[in-house]
Chemist: 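Structure provided below as structure tokens; questions to follow.
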Amino acid sequence: MIVSVTYGYSDENRNIPDAVSEASPRILISDSQTAIGFQYGMAYDPDRADDFVSVNGFMLFDYERIWGHAAPDNLKFKIDFTIGTNVDDNMDSSGLILSSGFEALLYLKKFEKHTFLSNNFFYYIGDFFLKYNVFPYVEAGVGIIYTEHQIEGQGLHFNFNPRAGIGAEYRIPGKRPFFAELKLWHLSNANLHKDNRGINALLFMVGKYF
């Protein structure tokens, strides 16, 4: 599992439409945000893979401004960079880790009332989110990663790094939002080498924009 605490800066000089709910003026997401964080990670497959620590930074942009075509206001584009090292059970440094990638991040709009559910479950979940200023999102993307240390059967030092996850922002009036997310992370070389043993990990990240 990876634990990360992230701090960041956001550009408030641009007015972007509500990224989560057009009916809620409380939610204003800038098209340019920057963050940096500390991570600690542990792979769940294979279990012999080492833990690792790293520093992660990312920039978050409005998707439509980056790609130049129509896109929902609640869709964002993230670019990230990570530098760190893997460590064994005794926390001894054993190899450099470098990675960079991009993700599409979609803030979820308020759940609609589903009349086919007798207890209107999704409607009440949506009301809970808005009542407590919690705004969920999903994200997915891919990157390139370099690792000096290799597990048996890994093949290459350079690998592809697809990732996907869910998260939520918690907004306090007058302050920058906090966030937390849970992400699945994978590393493999897509059969560019005959040895292609992959590594899988679970990412838990908490942080704050400012």
Side-chain angles (χ1 to χ4, degrees), residues 1-9 32-63 66-67 75-107 137-169 179-209:
M1 185 175 67
I2 304 167
V3 180
S4 170
V5 180
T6 304
Y7 300 92
Y9 164 80
S32 177
Q33 301 181 67
T34 305
I36 188 169
F38 171 78
Q39 296 183 337
Y40 171 77
M42 183 177 64
Y44 63 85
D45 177 41
D47 57 11
R48 65 182 180 277
D50 289 342
D51 297 353
F52 60 90
V53 293
S54 62
V55 176
N56 175 267
F58 69 83
M59 296 188 70
L60 190 66
F61 304 93
D62 183 80
Y63 192 94
I66 291 294
W67 294 105
L75 182 61
K76 303 299 173 182
F77 183 75
K78 179 192 287 188
I79 299 175
D80 66 47
F81 179 79
T82 298
I83 181 170
T85 181
N86 63 290
V87 293
D88 61 21
D89 292 339
N90 296 318
M91 297 298 289
D92 295 325
S93 176
S94 54
L96 179 68
I97 296 174
L98 294 172
S99 72
S100 184
F102 61 86
E103 299 175 7
L105 186 151
L106 181 69
Y107 289 91
Y137 60 85
V138 295
E139 60 181 353
V142 67
I144 300 294
I145 186 168
Y146 169 82
T147 59
E148 283 189 342
H149 177 75
Q150 293 176 287
I151 62 170
E152 182 181 355
Q154 188 173 341
L156 298 176
H157 290 285
F158 283 96
N159 290 273
F160 295 102
N161 183 211
R163 68 289 288 269
I166 59 174
E169 291 186 0
F179 69 87
E181 66 181 47
L182 188 68
K183 185 181 297 183
L184 292 174
W185 178 89
H186 176 73
L187 182 159
S188 65
N189 63 45
N191 291 319
L192 295 178
H193 190 280
K194 63 182 180 64
D195 295 325
N196 188 28
R197 180 63 169 98
I199 297 176
N200 297 299
L202 181 67
L203 166 68
F204 175 66
M205 181 162 60
V206 294
K208 181 181 183 297
Y209 293 99

Chemist: Can you tell which of His149, Glu148, Gln150 makes a side chain to side chain donor-acceptor pair (under 3.5 Å) with His157?
Modeler: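 Result for side chain to side chain donor-acceptor pair (under 3.5 Å) with His157: Gln150.
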Chemist: Using distance alone, with no hydrogens and no angle criterion, decide if Thr82 and Asn56 have a side-chain donor and acceptor under 3.5 Å apart.
Modeler: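 Checked: Thr82/Asn56 side chains pair up, N/O donor to acceptor below 3.5 Å.
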Chemist: Do Ile83 and Ser54 touch side chain to side chain, with heavy atoms closer than 4.5 Å?
Modeler: no
Chemist: Assess whether atom CZ of Phe160 is packed by more than 12 heavy atoms of other residues, nucleotides or ligands within 6.0 Å.
Modeler: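 For Phe160, atom CZ is not crowded (no more than 12 foreign heavy atoms under 6.0 Å).
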Chemist: Can you classify the ring geometry of Phe179 versus Phe58 as parallel (below 30°), tilted (30 to 60°) or perpendicular (above 60°)?
Modeler: perpendicular
Chemist: Please tell me if the side chains of Asn86 and Thr147 come closer than 4.5 Å, counting only heavy atoms from C-beta onward.
Modeler: no
Chemist: Using 0.5 Å steps for rounding, measure from the CG atom of Leu187 to the CG atom of Asn196.
Modeler: 9.0 Å
Chemist: Side-chain contact, heavy-atom cut-off 4.5 Å: Leu203 with Arg163?
Modeler: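 They are not in side-chain contact.
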Chemist: Compare all side-chain heavy atoms of Lys76 with those of Gln33 and state whether any distance is below 4.5 angstrom.
Modeler: no
Chemist: Is there a side-chain contact between Tyr137 and Ile166 in this structure, where contact means two heavy atoms from C-beta onward sitting under 4.5 Å apart?
Modeler: no
Chemist: Please examine the side chains of Thr85 and Ile97, heavy atoms only from C-beta on, and report whether any two atoms are closer than 4.5 Å.
Modeler: no
Chemist: Would you tell me whether Tyr40 and Asp51 have side-chain atoms, one donor and one acceptor, within less than 3.5 Å of each other?
Modeler: yes
Chemist: Which class fits the ring pair Tyr146 and Phe158: parallel under 30°, tilted 30 to 60°, perpendicular over 60°?
Modeler: tilted
Chemist: Classify the ring geometry between Trp185 and Phe52 as parallel (under 30°), tilted (30 to 60°) or perpendicular (over 60°).
Modeler: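 Ring orientation of Trp185 relative to Phe52: tilted.
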